[in-house]
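Read through the structure below, which is laid out as structure tokens, and then see the notes.
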Amino acid sequence: MTTQATVIAPDLIPEALYPTLNALCAVSIDVAGVIARGALGGALAAQVGENTDGDQQKALDVMADEMFEAALRGGDVRWYASEEQEEALKTSETGRYALAIDPLDGSSNIDVNVSIGTIFSIFDAKEGAEESFLRPASEQIAGGYVLYGPATCLVVSFGNGTQQYVLDPAKREFVLVAEAMQVPTTSKEFAINASNERHWTKPVKAYIDGCLAGKDGPTGMEHNMRWVGSLVAETHRILTRGGVFLYPGDSRPGYENGRLRMVYECAPIAMVIEQAGGKATDGATPILERQADGLHARVPLVFGSAEMVQQVTDQHVMDH
Ligand code: FDP
């Protein structure tokens, strides 16, 4: 497997971050290659273990984690924190960055040939791992994801807009297709796992009831629902054509703060969404104003079109 010959538009990327981003992209091309071979590459969705929080680990979760860690070792990343590993690892004594990663997001979709992804967040490294990652999400210097879908895309923000690249697999190049993505301010589409309805809080139930009421509800328009089950795929759809995504906290044990992780899922998704004119909150407070109290801490996530996210916030304020 090669991890060379990846090129992306260098003029839009901070020079110091370029080698790290290039290494991430090179691995993601290899991961995309493994995914594209599906069952021909072995049992990628086989359960091989459990991570610290009891989530199932699939073969591809572990494989992707090993590939990213190996490629970043000895480079500019001093601290490497992954969903698949309990503790952050020191991958270089002198590296200037701290990188948090969900190497393979949407693992329940591996064996059904539905889009999955990699999500990453980069901070300037501090002396220790905890202080590098457990800080306000607004201090990220880069956040983004790679979507392994019908096309492989890189979406990334360095705090100055959100860029989109599409992989040209023959050339092993990510080619810029959008310099400044914009989330439409509103939409008819909402995304939530409706099977959890009986566990929802009052404001979440009220908001979704409003969507379901269509023309007769508070928005005065018909709505449509989508739920892929891969955060990266939902984010990409919403960045492209608008909508709102909710993974709220609910009354199930262990779901008080929802399901998604602050450091390597919610923070980078919030960064790309806000940099594209959308909003990302925990229902009330912007995600970028929050900070995790543990590497694998969860946080409720509501993001998407600014107007729709605001309606969810209003509902929380009203029901407070
Ligand atoms: P998965 O566990 O399959 O990796 O990151 C967690 C995540 O997927 C998200 O990608 C997805 O949005 C969510 O979980 C789906 O959760 P539900 O199964 O509860 O709907």
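One-based numbering, in listed order, for ligands and for the atoms of each.
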Checklist entry - Among all protein non-hydrogen atoms, which one is nearest to atom 19 (O) of ligand 1, and what is the separation to 0.1 Å? => result Tyr247 OH, 2.6 Å
Item to check | Ring-face cation contact, Tyr264 with Arg261, 6.0 Å cut, 45° max | outcome: no
Checklist outcome for this item: Quick look: Glu265 vs ligand 1, heavy-atom contacts under 4.0 Å, and the answer is side chain
Next on the checklist: Within the 4.0 Å heavy-atom shell around Gly106, which atoms of ligand 1 are there?
Outcome noted: 1 (P), 3 (O), 4 (O), 8 (O), 10 (O)
Next on the checklist: Within the structure provided, determine whether Val302 and Val204 are in side-chain contact (heavy-atom separation under 4.5 Å).
Outcome noted: no
Checklist entry - Of the backbone atoms (N, CA, C, O) and the side-chain heavy atoms from C-beta on, which set of Ser107 has a member under 4.0 Å from an atom of ligand 1: side chain, backbone, both, or neither? => result both
Checklist entry - Counting only heavy atoms, which portion of Glu234 has something under 4.0 Å from ligand 1: side chain, backbone, both, or neither? => result neither
Item to check | Heavy-atom check, side chain of Arg73 versus side chain of Tyr80, under 4.5 Å | outcome: no
Next on the checklist: Nearest non-hydrogen contact with atom 12 (O) of ligand 1 belongs to which option: Asn109, Leu231, Asn193, Thr235?
Outcome noted: Leu231
Item to check | Qualifying residue, where the test is side chain to side chain contact (heavy atoms under 4.5 Å, CB included) with Phe303 and the options are Thr235, Val312, Val244 | outcome: Thr235
Next on the checklist: Can you tell me which portion of Asp55 lies within the under-4.0 Å heavy-atom range of ligand 1? Options are side chain, backbone, both, or neither.
Outcome noted: neither
Checklist entry - Is the shortest N/O to N/O distance between Trp227 and ligand 1 below 3.5 Å? => result yes
Checklist entry - Linking I/L/V/M/F/W/Y whenever their side-chain heavy atoms sit closer than 4.5 Å, directly or via other members, would Tyr165 and Met181 fall into one cluster? => result no
Item to check | Short N or O distance, Leu104 and ligand 1, threshold 3.5 Å exclusive | outcome: no
Checklist entry - Any side-chain heavy atom of Ile269 sitting closer than 4.5 Å to one from Phe245? => result no
Checklist entry - Are Val232 and Val272 grouped together when hydrophobic residues (ILVMFWY) are joined by side-chain heavy atoms under 4.5 angstrom apart? => result yes
Next on the checklist: What protein heavy atom lies closest to atom 14 (O) of ligand 1? Include the residue and the distance to one decimal.
Outcome noted: Arg259 NE, 2.8 Å
Checklist outcome for this item: d(Leu260 CG, Arg298 CZ) to nearest 0.5 Å is 8.5 Å
Checklist entry - Which residue holds the protein heavy atom closest to atom 11 (C) of ligand 1, what is that atom called, and what is the gap in Å? => result Gly229 O, 3.4 Å
